[in-house]
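Below, read A as the first sequence line, B as the second, and so on, with proteins coming before strands; counting in each chain starts at 1. What you are looking at is a predicted structure, and each value in this text was computed from that prediction instead of being measured.
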Amino acid sequence: MTAILTISGLEKRFGGVLATDHVDLDVVKGECHAIIGPNGAGKSTLIAQLSGTVVPDRGSIRLNGRDITREAAYKRARLGVTRSFQITSLVMPMSVIDNVALAVQAREGHSFKLVRPARSISRIRQEALARLAEVGLAERADAPTVILSHGEHRLMEIAIALASGAELMLLDEPMAGLGPTESARMVELLSRLKSTRTILLVEHDMDAVFALADRISVLVYGRIIATGTPDEIRGNAEVRHAYLGEE
Amino acid sequence: MTGFGKPGLPVVVVVALLAVLPTWFHFNGDAFYLDLATRLVILGIAAVSLNLILGYGGLVSFGHAAYLGIGAYCVGIPAHHALYGGLDAIATNSGWFQIPLAVAVSALFALVTGAICLRTKGVHFIMITMAFAQMVYYFFVSIDEYGADDGLVIDTRSELGLIDFDNPLQLYFFCLGSLVVAMALVHMIVNSRFGMVLQGAKGNNDRMVSLGYNTYLYRLVAYVISGAMCGFAGALLGNFTTFISPEMMDWSHSGELMFMVILGGASTAVGPILGSAAFIIIEEVLSRFTIYWHLPFGLMLLAVVLFARGGFSGIIDRLRGRKLLPGEG
Ligand SMILES: Nc1ncnc2c1ncn2[C@@H]1O[C@H](COP(=O)(O)OP(=O)(O)O)[C@@H](O)[C@H]1O
Ligand SMILES: [Mg+2]
């Protein structure tokens with residue numbers, strides 16, 4: 001069991017709110033680690049600190065043994081961490097395939113390449129199309145992103161995470177706002193994904209969490225109150241009281 | 001968006017008109033229209049350069065007129081010293097020196113100021129680009145040797161071998177050729193992998209950062225290219241007007257360049273040209289009626305922004321969509 005991500009003593013305060021309260025957490029290579037907790041528990045803030053958009057006040061984040069606590073966000077992506085956003089975050093004016101192609105392109109090092117037309121590079125286009133096919137969006141490739149449905153946008157986020165080739169995927173509520181059929185499709189997609197990637201999954205949909213997670217951590221008021229297998233979490237009285245009971 | 005090497009129909013039509021009409025007027029003895037067209041084409045280059053960062057990069061630079069001034073002074077100052085002596089290192093009438101100097105100094109100015117401006121966002125970016133431009137303005141106001149706020153007469157136009165800038169038609173076609181090259185360059189850049197990142201950062205910076213792009217650097221490179229291109233336009237402007245004063249760098253002229261890009265349709269190939277054409281025409285027509293022509297001009301811009309999204313190019317696209325105009329629709 002080698003930890004790909006090691007979080008120790010992480011703290012983040014927003015004014016009077018302690019959004020991250022001394023969080024210690026290991027994410028093991030190959031696992032799907034879910035983080036659950038009520039609204040406002042600090043899940044998105046944790047993801048933001050891992051991806052580098054929020055700077056922690058205290059503590060450290062190590063990726064494969066390397067301290068990335070204060071590393072710039074764009075550098076972490078190059079080190080193999082990618083994220084999806086709780087609120088869909090795509091380049092809306094661009095086509096679907098252009099969005100995914102940008103993720104493929106990012107993997108090839110810098111893009112200070114000003115001459116060849118990007119859309120004529122078949123290596124990049126084909127890989128982007130393959131990722132779209134994986135999430136079932138191949139026919140939508142040339143559509144402007146903005147006309148796709150919310151469910152399709154969520155799938156695009158996954159296609160982009162796949163295309164980025166990151167070994168660690170931070171997924172912030174991928175099922176948010178999905179209907180039952182779309183959710184089922186997303187669960188099916190993520191369960192295929194988890195055999196090849198390490199996933200840190202923030203999710204409210206308990207059925208999805210218990211279907212996907214190898215381990216679950218429960219976050220309440222910025223603190224991790226329990227970590228364990230799905231069975232252990234289900235049987236944990238404190239968790240039932242603090243969180244599952246409220247559902 | 002059209003592919004590389006295939007200019008859209010509007011571009012071809014506009015360039016063809018620009019090649020034919022002024023020539024016709026010229027040979028029919030009306031020098032005025034060739035003058036207007038030359039100004040249009042030079043401002044067109046400046047607008048094309050601004051479109052790279054404003055239209056495709058989402059960077060609202062309110063200081064682009066500074067580059068026109070820098071470029072023009074890079075012609076005027078060496079010419080001044082060639083005539084009156086002093087500063088032997090740069091004293092020359094050679095365009096082979098002056099024009100590259102205009103491009104290099106503009107690029108350097110864009111690099112230094114861009115490195116600072118691009119740390120800010122939104123209104124702050126607009127204000128700080130304007131502040132840097134005003135700094136250049138006051139810098140030249142304070143130099144008596146170059147005429148301070150009275151400006152500097154450029155006694156000799158740039159000498160460029162076979163091309164004679166004293167011949168209005170030759171100057172015009174040099175400018176028109178430069179405009180075509182500038183448009184081709186911007187077209188190439190925005191469709192490249194670099195251009196995709198630039199447009200991606202405009203559409204959603206967080207997403208691009210989370211993919212691993214240091215968007216700051218991409219924007220800085222675009223900013224420098226844009227500044228260099230506008231400095232080139234400034235060198236042409238100096239040759240056209242044979243006069244340069246700090247007033248040319250006033251913020252109102254930066255605003256006019258922005259108007260041209262927005263009026264014509266930002267992030268389209270032909271937009272900046274349509275915008276500068278509209279600007280020249282409106283300026284000519286309205287200024288005959290009133291010296292307060294900026295007011296109706298501003299109202300027209302407001303109307304375009306409110307009612308015709310995408311400027312003139314947007315209107316053309318919509319007409320094509322309704323099959324009222326030929327094109328890919
Ligand atoms: N940028 C911010 N500024 C101030 N407070 C914030 C900020 N981001 C999050 N918070 C606060 O931190 C707490 C945790 O928020 P968040 O991480 O979004 O929770 P979750 O994703 O678990 O619902 C909330 O009380 C929220 O209001
Ligand atoms: Mg959240």
Side-chain angles (χ1 to χ4, degrees), chain A residues 47-48 50-53 72-85 87-95 97-121 124 128 144-146 156-157 160-161 163-166 169-170 172, chain B residues 1-7 52-53 55-58 119 184-226 228-229 265-269 309-310 314 317 321 328:
Chain A
I47 297 271
L50 298 178
S51 60
T53 48
Y74 76 89
K75 282 191 188 151
R76 299 185 200 207
R78 296 208 191 144
L79 293 170
V81 186
T82 192
R83 71 174 294 190
S84 75
F85 292 80
I87 295 163
T88 304
S89 180
L90 299 161
V91 187
M92 288 296 170
M94 281 189 169
S95 71
I97 192 169
D98 282 348
N99 267 272
V100 184
L102 275 167
V104 180
Q105 193 182 311
R107 244 167 51 203
E108 304 193 333
H110 74 80
S111 285
F112 291 99
K113 294 160 183 155
L114 287 78
V115 179
R116 268 182 83 187
R119 296 187 183 89
S120 75
I121 301 168
I124 293 177
T145 301
V146 69
M156 268 181 81
E157 293 250 1
I160 289 169
S164 76
M169 302 194 2
L170 312 170
D172 198 353
Chain B
M1 232 174 273
T2 42
F4 179 67
K6 279 188 296 169
L52 173 64
I53 56 170
Y56 297 99
R119 297 267 172 217
L185 270 179
V186 168
H187 182 75
M188 179 186 86
I189 291 169
V190 298
N191 285 295
S192 71
R193 279 168 277 185
F194 173 84
M196 288 297 165
V197 177
L198 186 66
Q199 294 175 72
K202 174 196 177 190
N204 190 334
N205 190 55
D206 290 347
R207 165 56 79 186
M208 299 308 286
V209 169
S210 78
L211 287 177
Y213 293 110
N214 183 0
T215 50
Y216 170 79
L217 272 184
Y218 289 84
R219 286 172 167 159
L220 184 57
V221 169
Y223 197 80
V224 169
I225 294 172
S226 171
M229 208 178 262
S267 72
T268 62
R309 285 197 50 228
D317 278 353
E328 54 265 65

Margin query: Strictly distance-based, threshold 3.5 Å: is any side-chain N or O of B/S226 a donor or acceptor partner for the main-chain N or O of B/A222?
Written below: no
Checklist line | Side chain, backbone, both or neither of A/S89 within contact of chain B (heavy atoms, under 4.5 Å) | finding: both
Margin query: So does B/R193 get a backbone contact from the side chain of A/Q105, meaning a donor-acceptor N/O pair under 3.5 Å?
Written below: yes
Margin query: Using the rule given for side chain to side chain contact (heavy atoms under 4.5 Å, CB included), can you reason through A/I124 versus B/M196, listing the C-alpha separation, both sets of side-chain angles and the distance that settles it, and then say yes or no?
Written below: CA-CA 13 Å; A/I124 293 177; B/M196 288 297 165; over 6 Å; no
Next item on the list: Name the option with the most non-hydrogen atom pairs under 4.5 Å to chain B; the candidates are A/A103, A/A118, A/S164, A/A166.
Entry: A/A118
Margin query: B/I225 vs B/L185, test: side chain to side chain contact (heavy atoms under 4.5 Å, CB included). Steps then yes/no.
Written below: CA-CA 10 Å; B/I225 294 172; B/L185 270 179; over 6 Å; no
Notebook entry, point to check: Picking from B/V197, B/V209, B/N214, which has the most non-hydrogen pairs under 4.5 angstrom with chain A?
Noted result: B/N214
Margin query: Is B/L217 in contact with chain A via its backbone, its side chain, both, or neither, using a 4.5 Å heavy-atom distance?
Written below: both
Notebook entry, point to check: chain B heavy atoms under 4.5 Å from A/M94: which part of the residue, side chain, backbone, both or neither?
Noted result: side chain
Next item on the list: Tell me, for A/K113 versus chain B, whether the close heavy atoms (under 4.5 Å) come from the side chain, the backbone, both or neither.
Entry: both
Note to self: For chain A, which candidate among B/K202, B/R207, B/M208 shows the most heavy-atom pairs at distances under 4.5 Å?
What the structure shows: B/R207
Item checked: Interchain contact, B/V221 with chain A, by part (heavy-atom threshold 4.5 Å) -> side chain
Check: Is any side-chain heavy atom of B/M229 closer than 4.5 Å to a side-chain heavy atom of B/L52?
Finding: no
Next item on the list: Assess whether side chain to side chain contact (heavy atoms under 4.5 Å, CB included) is satisfied between A/V81 and A/L170, documenting all intermediate values.
Entry: CA-CA 7 Å; A/V81 186; A/L170 312 170; 3.5 Å; yes
Notebook entry, point to check: Quick one: what part of A/L90 sits under 4.5 Å from any heavy atom of chain B, side chain, backbone, both or neither?
Noted result: both
Note to self: Check the orientation of B/Y218 and A/F112. Use parallel for under 30°, tilted for 30 to 60°, and perpendicular for over 60°.
What the structure shows: parallel
